[in-house]
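To start, the structure itself, in structure tokens.
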Amino acid sequence: MNFFRRQLPLLITLVTGLVFAAQYYVPHPASEEMLTNVTKWLQIIGGFALVLGVTSLFHIHAVKIRRREPGWGYSFVLYAGMLGTIVIGLWHNGKEVVNGTMTAFGWIYNFMMVPLQGTMFAILAFFIASAAYRSFRARSREAAVLLVAAVIVMMGRVPLGEYLVPLSGDLTQWILNVLNASVRRAILIGISLGAVALSLKIIFGIERAYLGGGKE
Amino acid sequence: MPFEILLGAWVATGLTLFIFTFLYQDNPLFKLAEHLYVGVSVGYAIVKTYDTVLIRLIYEPMVKQGDWSLLIPLGIGTLMLARYVPKAAWLSRIAFAFIVGVGSGLAIPRVISSYILKQVEDTVRPLASIVQGSPSFTYDLLNPASNLNAVVLLVGVVSVLFYFFFSIEHKGPVKVAAHTGILFLMVAFGAAFGYTVMARMSLLIGRLTDLIEYAEPRYGLASLWLLAVTVTLLAAWSLTQRGKAAPPADG
């Protein structure tokens with residue numbers, strides 16, 4: 001039994017890992033088809049992961065309501081929003097527009113989701129500005145460099161900034177396309193080396209955290 | 001004006017204003033909008049997953065085209081749900097092993113090719129050009145492909161990698177290289193910050209534009225009425241909070 005609980009998952013990881021690493025070097029239609037199929041499979045399995053997440057969310061709020069915890073009434077709002085969207089969405093087969101006409105599901109998307117999402121991210125502008133005011137003091141040479149770069153990019157991204165400091169637009173482009181690109185490239189190389197190392201550790205069973213704890 | 005558009009304008013305006021009340025402080029109006037946002041977003045994700053996965057990827061190929069091989073991912077996916085049965089929870093490891101194994105296998109050659117070799121190839125470029133048989137050096141800063149920018153890019157990449165990866169003591173030439181890397185990093189962080197701020201500002205302008213549009217008479221002055229209602233509710237809630245003792249701080 002221990003084989004099925006511990007060794008079998010490691011064996012599956014090893015075999016699938018080696019097969020799909022090798023797939024890249026086999027430019028045969030069968031190999032390409034295998035990749036296409038497994039990509040669809042991963043999407044299907046990902047759908048089940050959503051079930052896990054939604055169940056967890058349901059459970060957390062059900063507990064909140066049962067225990068009458070502070071703010072438990074908002075859990076009903078969450079349930080109402082979720083169930084209402086699901087019912088209306090399924091009624092319209094997940095289509096926002098049918099024959100050029102907006103459906104009720106499309107209405108929820110356009111007049112509820114988009115404004116809520118946009119505003120949620122928009123209020124971050126205030127908090128970022130507030131955080132910058134408190135932390136953007138040029139205490140060292142490095143902090144001063146960061147401050148100057150941020151100011152130039154902010155000026156260069158708006159017409160008013162470019163009007164006030166004509167050079168800011170070009171400078172912004174240079175900072176983003178050259179200086180920023182070089183740093184992104186170096187960080188990307190570092191992350192990629194780490195990702196390859198981690199993938200090898202997973203395939204060869206050195207890294208097993210993804211299997212979780214629990215009974216052997 | 002169609003009724004659904006008018007209703008939509010009022011709902012969108014109300015929800016936008018409710019979220020903005022957080023700028024004053026955390027309050028019931030914000031919490032209401034916040035929970036509604038989570039609920040609607042999760043509901044939307046469920047419907048889209050149902051449409052994409054259940055209908056297009058499973059039902060149609062299986063029932064209409066007879067592709068029964070899809071029973072394999074269905075079986076693997078079902079194993080994930082075994083987590084809810086304590087005695088059979090170990091079965092979910094098989095599903096995770098498959099996902100992680102395939103993901104790792106796919107990642108190795110593609111990451112090496114696209115993110116390591118390609119990035120190195122783009123960094124190690126000729127530092128001078130040959131124009132009509134004679135070497136030349138272009139100084140155009142605004143052209144990312146100019147020779148001067150090639151040198152800057154090379155110095156940036158190498159110095160940042162020096163800073164991150166060389167665990168030897170930073171002194172002498174290594175210190176100079178690492179310090180140069182820090183300066184490049186600071187410029188990139190500053191640029192990322194400035195870029196993010198302006199992106200958020202753009203979103204804010206979008207929301208304010210909508211509020212201004214919905215304040216027009218054809219929308220029944222939705223923004224103005226709802227602003228008055230929101231401010232009144234917030235003021236009333238604020239007054240009710242005054243008498244209450246401050247809750248103990250967390251931690």
Side-chain angles (χ1 to χ4, degrees), chain A residues 5 9 12-13 16-17 20-21 24 40-41 44-45 47-48 50 74 77-78 81-82 85-86 89 94 107 111-113 115-116 118-119 121-122 124-126 128 142 145-146 149-150 153-154 157 170 174-180 182-183 185-186 188-190 192 195-196 199 202-203 210-211, chain B residues 8 11-12 15-16 19 31 35-40 42-44 46-47 49 51 53 57 73 76-77 80 90 93 96-98 100-102 104-109 111 115-116 119 141 144 149 152-153 156-157 160-161 164 184 186-191 193-194 197-198 200-201 203-204 207:
Chain A
R5 291 183 181 215
I12 290 171
T13 308
T16 50
F20 284 97
Y24 184 79
K40 281 183 195 163
W41 287 17
I44 292 170
I45 298 168
F48 284 88
L50 182 72
Y74 299 113
V77 176
L78 188 144
M82 179 159 54
T85 310
I86 291 171
W107 186 92
F111 293 111
M112 291 180 84
M113 246 188 88
L116 281 167
T119 318
F121 284 106
L124 286 181
F126 293 99
I128 289 177
E142 288 81 11
V145 172
L146 189 144
V153 171
M154 282 191 272
R157 300 287 300 170
D170 289 344
W174 184 67
I175 288 174
L176 290 175
N177 293 337
V178 179
L179 300 184
N180 189 42
S182 67
V183 173
R185 197 168 278 175
L188 201 59
I189 291 171
S192 304
V196 171
S199 296
I202 286 172
I203 289 173
Y210 67 94
L211 291 176
Chain B
V11 170
L15 294 176
T16 301
I19 297 281
K31 281 182 185 157
H35 281 77
L36 193 62
Y37 172 48
V38 176
V40 170
V42 172
Y44 188 82
I46 290 172
V47 173
T49 306
D51 184 44
V53 176
L57 288 177
I76 295 172
M80 282 175 100
W90 62 273
R93 286 179 179 173
F96 289 121
F98 180 81
V100 171
V102 173
S104 304
L106 289 177
I108 293 172
V111 166
Y115 294 119
I116 300 177
Q119 298 297 331
L141 273 178
N149 280 334
V152 175
L153 265 166
V157 173
V160 172
L161 284 174
F164 276 128
F184 268 90
M186 288 299 141
V187 172
F189 291 152
F193 179 87
V197 168
M198 296 324 282
R200 299 283 183 253
M201 282 295 170
L203 277 172
L204 181 65
R207 297 313 311 138

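In the text below, chain A, chain B and the rest are named by the order of the sequence lines, each starting its count at 1. Just so you know, these numbers come straight off a predicted model, no measurement behind them.
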At what distance, to the nearest 0.5 angstrom, does [atom1] of [X] lie from [atom2] of [Y]?
X: A:Ile45; Y: B:Phe96; atom1: CD1; atom2: CZ; value: 10.5 Å
X: B:Met201; Y: A:Met154; atom1: CE; atom2: CE; value: 8.5 Å
X: A:Phe111; Y: B:Leu15; atom1: CZ; atom2: CG; value: 12.0 Å

| request: Please lay out, stage by stage, how B:Val157 and B:Phe184 fare under the test side chain to side chain contact (heavy atoms under 4.5 Å, CB included). | output: CA-CA 9 Å; B:Val157 173; B:Phe184 268 90; over 6 Å; no
| A:Tyr210 versus A:Thr13, side-chain donor and acceptor atoms under 3.5 Å | yes
Heavy-atom cut-off 4.5 Å, strictly under: side chain, backbone, both or neither for [X] against chain B?
X: A:Leu176; result: side chain
X: A:Leu179; result: both
X: A:Leu50; result: side chain
X: A:Tyr74; result: both

Could you have a look at [options] and say which one has the most heavy-atom pairs with chain A under 4.5 angstrom?
options: B:Val11, B:Val152, B:Val38; answer: B:Val11
options: B:Pro144, B:Ala191, B:Gly8, B:Ala107; answer: B:Gly8
options: B:Thr49, B:Leu57, B:Val160, B:Val111; answer: B:Leu57
options: B:Leu203, B:Val40, B:Leu204; answer: B:Val40

Selection from [options] maximising heavy-atom pairs under 4.5 Å formed with chain B:
options: A:Ile175, A:Asp170, A:Thr119, A:Asn180; value: A:Thr119
options: A:Gly118, A:Ser192, A:Gly94; value: A:Ser192
options: A:Gly89, A:Gly81, A:Ala195; value: A:Gly81
options: A:Gly190, A:Ala125, A:Ser199, A:Ala149; value: A:Ser199

| Crowding at NZ, B:Lys31 (>12 non-hydrogen neighbours, <6.0 Å) | yes
| query | So which part of B:Met198 gets closer than 4.5 Å to some heavy atom of chain A, the side chain, the backbone, both or neither? | reply | side chain
| said: Taking the side chain as everything from C-beta on, heavy atoms only, tell me whether A:Asn177 gets closer than 4.5 Å to B:Asn149. | reply: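 Not in contact.
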| Steps toward side chain to side chain contact (heavy atoms under 4.5 Å, CB included) verdict (A:Leu116, A:Met113) | CA-CA 5 Å; A:Leu116 281 167; A:Met113 246 188 88; 6.0 Å; no
| Minimum heavy-atom separation for B:Gly194 to A:Val153, with atom names? |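 Scanning both residues, the minimum pair turns out to be C-CG1, 4.0 Å.
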